[in-house]
Amino acid sequence: MFDQTIFEQKLATSWLGRSLCYFEETTSTNSVAKTISLREEGHGSIVLADAQSQGRGQYKRTWVADPGENLTFSIILTPERSHSLIVLTLACAYAIRSCFEERTQYHATVKWPNDVLVNDKKVAGLLTETVFKGNKLDRAIIGIGINVNQADFGEELNGWAGSLRQLTGHTNPREELLADLLLRIEHCYTKWLQHDVELVKLINSTLIGFGDWVTIEKDGERLAGTFKFLGINQTGALTVLDQDMELNTFLYEQIRIHPISADSQRKH
Ligand code: BTN
């Protein structure tokens, strides 16, 4: 069971995670965060569950995680603007990868649009959703699933999913990890609000395929030719050069980037 007292002791943020809404089990923390009253849980609140019965992933997939072993939570944010939320999502992915790099000997990367990978295995995924009241953004929900202490993912997922425990060889306190991650995300959020170009540069430096020639898949179909992947721009659009050196941008999450030569993920 997630220990809220230890978490509060470890938490060093000014506002993020200062209010935690904990469930032993719920349907989906994103669903709860979308409907919860903002009078009770406002900007920076976290909805966390030890188990989700209807955990959701991108593209209508389910997110399955062993109860009590992982981190499944949603961050409620109420920024003035709704554009470039993709940059914020990627900034959270960047923060997650930093937590993994600090705790393991491996290089961690971000795979557009929502995965954190170590040694080619997915260790975390993000699902950002929005709630609008009329034209105005009511709240943005950043749902995060991190594989922390899960030892095994079953036959179907073992080749694809990995956990911090598998990488370190021991269990890791989830409370300390979450407190550390939220501090990093809080810093990133400030940079995001300020349209800090450094944030985009940092994100790009960790994106799989950045600076490489890649192939692109759009809606499951491979586009003709190869492209030089220039990362995201300030608005979060993917930018690539085609073979005629023309700049193309894609503001679209149904894009997949496939590096032509896979780099080794080990640091040394
Ligand atoms: C993905 O990789 O497809 C995104 C996975 C996001 C999973 C998290 S777990 C907490 C939050 N609640 C959900 O139902 N989904 C997100």
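All ligand and atom numbering here is 1-based and tracks the order in the structure.
- Contact check on Glu186 versus Lys191 returns no salt bridge, with no Lys/Arg side-chain nitrogen under 4.0 Å from an Asp/Glu carboxylate oxygen.
- Remark: Glu221 does not engage Lys218 in a salt bridge, criterion side-chain N to carboxylate O under 4.0 Å.
- Among Glu129, Gln58, Arg56, the residue whose heavy atom lies closest to atom 6 (C) of ligand 1 is Arg56.
- Of all atoms in ligand 1, listed by their number and element, those nearer than 4.0 Å to a heavy atom of Gly57 are 1 (C), 3 (O), 4 (C), 5 (C).
- From the protein, the heavy atom lying nearest to atom 2 (O) of ligand 1 is Lys122 NZ, 2.5 Å.
- At the top of the distance list for atom 5 (C) of ligand 1, counting protein heavy atoms only, stands Trp63 CE3, 3.3 Å.
- Below 30°, between 30° and 60°, or above 60°: for Phe210 and Phe229 the angle between ring planes is above 60°, a perpendicular geometry.
- Listed by number with element, the atoms of ligand 1 under 4.0 Å from a non-hydrogen atom of Gly55 are 14 (O).
- Polar contact check, Gln52 against ligand 1: a nitrogen or oxygen pair lies under 3.5 Å apart.
- Ranking the protein heavy atoms by distance from atom 11 (C) of ligand 1 puts Thr29 OG1, 3.3 Å first.
- The nearest protein atom to atom 1 (C) of ligand 1, hydrogens excluded, is given as Asn114 ND2, 3.2 Å; this is a heavy-atom distance.
- The closest donor-acceptor contact from the side chain of Gln54 to the backbone of Ser28 lies at 3.5 Å or more, if one exists at all.
- Contacts with ligand 1 closer than 4.0 Å are made by backbone heavy atoms (N, CA, C, O) of Phe73 only, the side chain lying farther away.
- Of the possible donor and acceptor atoms, none in the side chain of Thr128 sits under 3.5 Å from a partner among the backbone N and O of Thr89.
- Two rings, from His43 and Tyr189, have their centers less than 6.0 Å apart.
- The shortest contact between atom 4 (C) of ligand 1 and any protein heavy atom is with Leu126 O, 3.4 Å.
- Checking only distances, Gln54 never comes within under 3.5 Å of ligand 1, N or O to N or O.
- The six-membered or imidazole ring of Tyr106 lies away from that of Phe100, with a centre-to-centre distance of 6.0 Å or more.
- A salt bridge (Lys or Arg N to Asp or Glu O under 4.0 Å) with Asp180 is found for one member of Lys10, Arg174, Arg103 and no other, namely Arg103.
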